[in-house]
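Written below as structure tokens is the structure these notes are about.
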Amino acid sequence: MRYQREGSQAIAQAVALCRPEVMACYPISPQTHIVEALSRMVKAGEIGSCQFLNVESEFAALSVLIGASAMGARAYTATTSQGLLFMAEAVYNAAGLGLPIVMTIANRALSAPINIWNDHSDSMALRDAGWIQLFAEDGQEAADLHIQAFRLAEELSCPVMVCVDGYILTHAYEPVDLPSQTEVDAYLPPYEPVFVLDPADPISIGAMVGPEAYPEVRYLAHHKHLRALDMIPRLQQEFATSIGRTSGGLLHSYRTEEAHTIVVALGSVNGTIKEAVDELRAEGMAVGAVKLCAYRPFPSQALRHAVEQAERVIVVEKDLSVGKGGIVSSEVKMALHGLPTVVDTVIAGLGGRAITQASLVRMIKAACEEGLEEPHFLDLNWEVVNNELARQQETRRSGSTPENVLREVGPFGVRVQ
Amino acid sequence: MVTQRIKFYQTGTFTVGNRLLDEASRTVQSRMDRTNSLDSGHRACQGCGEALGARYALDAAMRAAQNQLVAVNATGCLEVFSSPYPESAWRIPWLHSLFGNAPAVASGVAAALRAKGRTDIRVIAQGGDGATVDIGFGCLSGMFERNDDVLYICYDNEAYMNTGVQRSGSTPPHAWTNTTQAVGPSPGNPPGVGKNLPRLAMAHGIPYVATASVADLHDLEAKVMKATPLRGARYIHIHVPCPLGWKADPAHTIKVARLAVESGLFPLFEAEYGQVTSRTPIRKQVPVERYLELQGRFAHLFGDPPNREAIASIQAIADANIQFFGLCESQKVSS
């Protein structure tokens, strides 16, 4: 049923339609609305015999799901930011054990400085953990991706993160259509594990694996992701056929025909990018956009195919590899290896800094006309940066940088460009 | 439950002589139908108290659960020596995830069983003292607080033995470890630190807490048999000497464990919902020196001259335990 609802409610309702059996949750903004809604549904008996555990940390939350999944239960949690980092050890462990847990990441910046607003630093920090990472563009796709995620996870025996921009998607009210229980049941069969803890057939799971076998085990984890590259479009197709929406897949192209410049990005900023593309196309600039929906596995071939005719690719990414620059752009460059395409890195939206259509249009024009420095920091206040650098030059005890910068910027919310 | 120790006068010891007991009271380990949950052929050191404790505990749990048991294991000696795959020593469904999360993983197993309506399968989580009192304590406390249907067993050998004998929150005062070396003005583990996990477990008000020792395997089995069918969070803390880390003769594992009990340093008791409900009395308290002098980790206390002050402080701990739990028969039993 299509009606106006908060992104978090849409996600919670989609998860409930997947008939999870165990959920373990720990509060952290901005994912709390999702688990609050699910806890209510469990308590009201609306999700069968599903168990909802209020645990003492994110590390425990994912650990509970490791046990539940190994016992053959469909398992779900949501987290973000520090929560994801706090559970990092279990994140790798769940993937290594091949447990098809689904976890929503309400993407949020990392501390310090503490910041509760959106960027992709958290998911990026765990990008190599072995989880599939899918990024949603809007509330509708966020809901749909969860249904696909359980199917994908369970077919591959591989955990899946559904990455949803914190606040921008979790707290926005949008019209979202949800499939019926019958439709979801037809798309997502009951979980049939490839191994399970069973007293009738005892097995040991989690044995030490030494140099004689570790590389092969790791390769097989990689191989799951290679299979996912085929499976993700197939499941998207099946979803489109049975439920009628094209959410998901590896990537989506927007007005890339004849484009000399293509903007590549993950997540909700693609909405604004499309507006910028429309504005530039109206001015006669041949600009397009590619939204990466799957980030792990990284769809190198599909991306190469989608942008190979362009002269310039601008990667707009909400993350920063400190000391290096772009994370996504590095991977885009790898995917386009051997092509003459220029790849620009634009670091944008860190800690929730607004990425406006006007900024994007200005940046794309500048890139096309005079090129961008590498990496380019979108809308960075250089005056504030240079003043702090000067302070640090001037005196040894220059103080704590975040507080110095805050003092100079003044109270938040005075001006948003 | 009151565990009555039976002294076998033929041998002058408390050794369990099954032939002298009625059928029902005989030790699980002596039965033809024992499950060998932790089977022979694993790679534990000679004289390993943990291997012995785990074998007795799990076979008893299997008996109590009618073989419907799932075990979750923290990283540590028990995990490493039992599972050099394909030579797993486990004959029960067994899952190892991480060092610090065994209680939470077990909570998840229990939750899955609840979701699936399986009330017959019982869940055990187990780990060493490092996994229990230190790195996994947050998860353990959470599992206790939620009263999740898990029996957690801690095999306490009083240091991180798997990594080569480093101090844990369960290392006793003055003990040598590789991170509390026997050098300087106050050699060994500093006094006045560490935590008492059985009493912390009791403070959670959970249905069952007990201590046990490999020196009294019949008592250990009885406590596991009792705890296994109970619902909710349960905790058993088993004292397991480590010949390697304690620098003790592997042949002395049981002797050292028994002296820990008989000196009062490791009191044996049970508690339900936060209240002590039984204790194993000490007939004749043994001075702590007899326990300490068998272990090279305390050798620096017995130099020339001996560190009488340190020995006296350890004696005071033993005396306080006896007082607190009312362990000596001559004492009036409190609570």
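Nothing here was measured: the structure is a model prediction, and the numbers come from that model. A, B, ... follow the sequence lines: proteins, then strands. Residue 1 opens every chain.
For Ile121(B), the part sitting under 4.5 Å from any heavy atom of chain A is the side chain, from C-beta outward, and nothing else. Neither the backbone nor the side chain of Asp201(A) comes within contact range of chain B; no heavy atoms are under 4.5 Å apart. For Val70(B), the part lying under 4.5 angstrom from a heavy atom of chain A is the side chain only. Proximity to chain A (any heavy atom under 4.5 Å) is restricted, for Asp148(B), to the side chain, taken from C-beta onward. Both the backbone and the side chain of Arg114(B) come within less than 4.5 Å of a heavy atom in chain A. There is no contact between Ala94(A) and chain B, counting heavy-atom distances below 4.5 Å. Looking at Ala106(B), neither its backbone nor its side chain comes within 4.5 Å of chain A, counting heavy atoms on both sides.
Within 6.0 Å of OH on Tyr214(A) lie no more than 12 heavy atoms contributed by other residues, nucleotides or ligands. More than 12 heavy atoms of other shown residues, nucleotides or ligands fall within 6.0 angstrom of atom CD in Gln181(A). No more than 12 heavy-atom neighbours from other residues, nucleotides or ligands sit within 6.0 angstrom of CD on Glu192(A). In the displayed structure, Gln46(B) atom CD is contacted under 6.0 Å by at most 12 heavy atoms of other residues, nucleotides or ligands. Atom CZ of Arg31(B) sits in a crowded spot, with more than 12 heavy atoms from other residues, nucleotides or ligands closer than 6.0 Å.
In this structure, Asp198(A) CG and Arg118(B) CZ are separated by 7.0 Å, a value rounded to the nearest 0.5 Å. Once rounded to the nearest 0.5 Å, the distance linking NE2 of His96(B) with CE of Met208(A) reads 8.5 Å. Residue Tyr85(B) holds its OH atom at 7.5 Å from CD1 of Ile203(A), rounded to the nearest 0.5 Å. Taken from OG in Ser204(A) to CD in Glu87(B), the straight-line distance is 12.0 Å, to the nearest 0.5 Å.
Contact between Leu98(B) and Phe59(A) at its shortest, heavy atoms only, is CD1-CE1, 3.8 Å.
Considering only heavy-atom pairs separated by less than 4.5 Å from chain A, the leading option among Ser82(B), Ser83(B), Gly100(B), Ser97(B) is Ser97(B). Of the listed residues (Leu53(A), Val55(A), Ile205(A)), the one with the most heavy-atom contacts under 4.5 Å to chain B is Ile205(A). The most heavy-atom pairs under 4.5 Å with chain B, out of Ala213(A), Ala200(A), Ala60(A), come from Ala60(A). If you tally non-hydrogen atom pairs under 4.5 Å between each of Cys139(B), Ala112(B), Ala115(B) and chain A, the highest count goes to Ala115(B). The most heavy-atom pairs under 4.5 Å with chain A, out of Leu69(B), Thr75(B), Val72(B), Leu95(B), come from Leu95(B). The candidate from Met143(B), Glu79(B), Gln68(B) with the greatest count of non-hydrogen atom pairs under 4.5 Å with chain A is Gln68(B). The most heavy-atom pairs under 4.5 Å with chain A, out of Asn101(B), Leu113(B), Asn67(B), come from Asn101(B). Of the listed residues (Ala89(B), Ala111(B), Ser88(B), Ser107(B)), the one with the most heavy-atom contacts under 4.5 Å to chain A is Ala111(B).
For a heavy-atom cut-off of 4.5 Å, chain B lies close to Ser63(A), Val64(A), Ile66(A), Gly67(A), Ala68(A), Ala70(A), Met71(A), Gly72(A), Ala73(A) in residues 61-85 of chain A. Scanning residues 18-44 of chain A against chain B with a 4.5 Å non-hydrogen threshold yields Glu21(A), Val22(A), sorted by number.
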